[in-house]
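Single-structure report; data block below.
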Amino acid sequence: MSTAPGPATAPSPGAAASLLAHVPEAVRPSCSDGDASAFPASVVAVVACTPAGGFPVVYAQFVDDISTQGGFQRLVSDVRFTQSSCDSSTPLNGRQKYQNSGKTVGELACYQDPQDGDAYVTWSSDDVKIIGQAHAPLASYGQLLAWWKNAGPLHGTAT
């Protein structure tokens with residue numbers, strides 16, 4: 001994750017429980033408090049999860065829509081996007097809106113991190129003000145993208 005540390009924050013335990021309510025049930029048992037210092041002060045809660053059969057993922061909940069959009073921008077600010085979609089047959093460095101039940105609910109970015117070489121997917125779920133970010137070795141990008149569709153808090157198909 002390529003973020004500069006923000007001011008130290010102390011999310012409340014209730015905020016973490018609220019965030020976990022949006023994380024899929026299969027992922028929840030693998031979650032613990034995440035490092036909020038990697039996010040701006042507008043983050044309410046952060047959890048880090050390593051689900052069996054999945055990929056390491058961090059979920060962060062923000063105070064409002066503007067903070068969520070800003071948090072997403074911050075996470076992908078170093079990426080030069082060359083594609084308008086994320087698909088296992090499309091080269092990495094794509095960015096697109098995505099849908100759930102026919103409604104656009106967020107944005108998805110897929111890219112290779114130049115520092116660790118891993119494939120990353122970063123997504124926003126705008127109506128619940130949550131950003132998720134997962135990564136995998138580059139060779140597992142197709143599996144990571146397929147896994148993302150059920151990684152929550154919302155998932156869907158490209159628009």
Side-chain angles (χ1 to χ4, degrees), residues 1-3 6 15-16 18-28 30-31 34-36 38-40 42-51 53-116 118-138 140-159:
M1 180 163 32
S2 53
T3 61
S18 176
L19 172 57
L20 281 171
H22 294 287
V23 173
E25 281 187 45
V27 175
R28 281 183 216 156
S30 73
C31 298
D35 181 7
F39 293 91
S42 59
V43 73
V44 175
V46 177
V47 294
C49 313
T50 309
F55 298 95
V57 59
V58 173
Y59 299 97
Q61 188 157 32
F62 291 82
V63 296
D64 57 31
D65 295 338
I66 292 172
S67 298
T68 306
Q69 293 164 4
F72 184 87
Q73 285 300 118
R74 183 175 180 173
L75 287 173
V76 300
S77 65
D78 293 338
V79 180
R80 183 175 166 264
F81 291 102
T82 57
Q83 306 294 321
S84 60
S85 67
C86 293
D87 185 282
S88 59
S89 64
T90 304
L92 282 171
N93 297 340
R95 188 171 177 170
Q96 68 182 60
K97 299 284 186 185
Y98 74 95
Q99 294 184 341
N100 187 357
S101 301
K103 177 184 172 202
T104 299
V105 294
E107 194 165 4
L108 171 67
C110 55
Y111 51 95
Q112 183 177 9
D113 186 288
Q115 294 175 1
D116 64 18
D118 278 358
Y120 279 74
V121 291
T122 301
W123 68 97
S124 65
S125 293
D126 298 337
D127 63 344
V128 290
K129 301 166 189 61
I130 295 173
I131 294 173
Q133 184 175 64
H135 66 97
L138 185 59
S140 298
Y141 169 61
Q143 294 167 316
L144 175 65
L145 197 57
W147 177 83
W148 163 78
K149 292 181 179 180
N150 294 304
L154 294 172
H155 58 281
T157 57
T159 58

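The shown structure was predicted, so the numbers you read here are calculated from the model rather than taken from an experiment. When a residue number appears, it is its place in the shown sequence, counting from 1.
Every residue meeting the ring pair (Phe, Tyr, Trp, His ring centres under 6.0 Å) condition with F55, not counting sequence neighbours, appears here in chain and number order: W147. Applying the side chain to side chain donor-acceptor pair (under 3.5 Å) criterion to D65, with sequence neighbours excluded, gives no partner residue. Under the rule for a side chain to side chain contact (heavy atoms under 4.5 Å, CB included), the partners of Q112 that lie at least two apart in sequence or sit in another chain are L92, L138.
Between atom NZ of residue K97 and atom OG1 of residue T104 there is a gap of 7.5 Å, rounded to the nearest 0.5 Å. How far OG of S124 is from CZ of F62: 10.0 Å, rounded to the nearest 0.5 Å. Expressed to the nearest 0.5 Å, how far OG of S18 lies from CD1 of I130 amounts to 7.5 Å. Between the OH atom in Y111 and the CG atom in L75 there is a gap of 6.0 Å [rounded to 0.5 Å]. Expressed to the nearest 0.5 Å, how far SG of C86 lies from CG of N93 amounts to 9.0 Å.
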Can V44 and L19 be said to form a side-chain contact (heavy atoms from CB on, under 4.5 Å), step by step?
CA-CA 9 Å; V44 175; L19 172 57; over 6 Å; no

Just do the side-chain contact (heavy atoms from CB on, under 4.5 Å) check on L108 and W148 with the steps written out, would you?
CA-CA 10 Å; L108 171 67; W148 163 78; 3.8 Å; yes

C31 vs L20, side-chain contact (heavy atoms from CB on, under 4.5 Å): CA-CA, chis, key distance, verdict:
CA-CA 8 Å; C31 298; L20 281 171; 3.7 Å; yes

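For G132 against Y59, the heavy-atom pair with the smallest separation is CA-CD2, 4.2 Å. Summarising the geometry of C110 relative to F81, their closest heavy-atom pair is O-CE2, 4.3 Å, with the distance given to 0.1 Å. Between S30 and P51 the shortest heavy-atom distance is OG-N, 3.2 Å. Nearest heavy atoms, V46 versus A60: CG2-CB, 4.1 Å. When all heavy atoms are compared, the tightest approach of C49 to V27 is CB-CG1, 3.7 Å. For the pair W123 and Q133, the tightest heavy-atom approach, listed with the atom from each and the gap, is CZ3-N, 3.9 Å.
Side-chain atoms of E107 do not come within 3.5 Å of backbone N or O of R95 as any donor-acceptor pair. Formation of a donor-acceptor pair under 3.5 Å by the S77 side chain with backbone atoms of R74 is found in this model. Although no hydrogens or angles enter the test, the distance criterion places a donor-acceptor pair under 3.5 Å between the side chain of Q61 and the main chain of V128. R28 places a side-chain N or O within donor-acceptor distance of the main-chain N or O of V23, the cut-off being under 3.5 Å.
Screening D116, D118, T122 against H135 for a side chain to side chain donor-acceptor pair (under 3.5 Å) leaves a single residue, D118.
Inter-residue side-chain proximity for P91 and Q83 is flagged as met; some heavy-atom pair is nearer than 4.5 Å.
No hydrogens or angles considered: nothing links the side chains of S85 and Y98 as a donor-acceptor pair under 3.5 Å.
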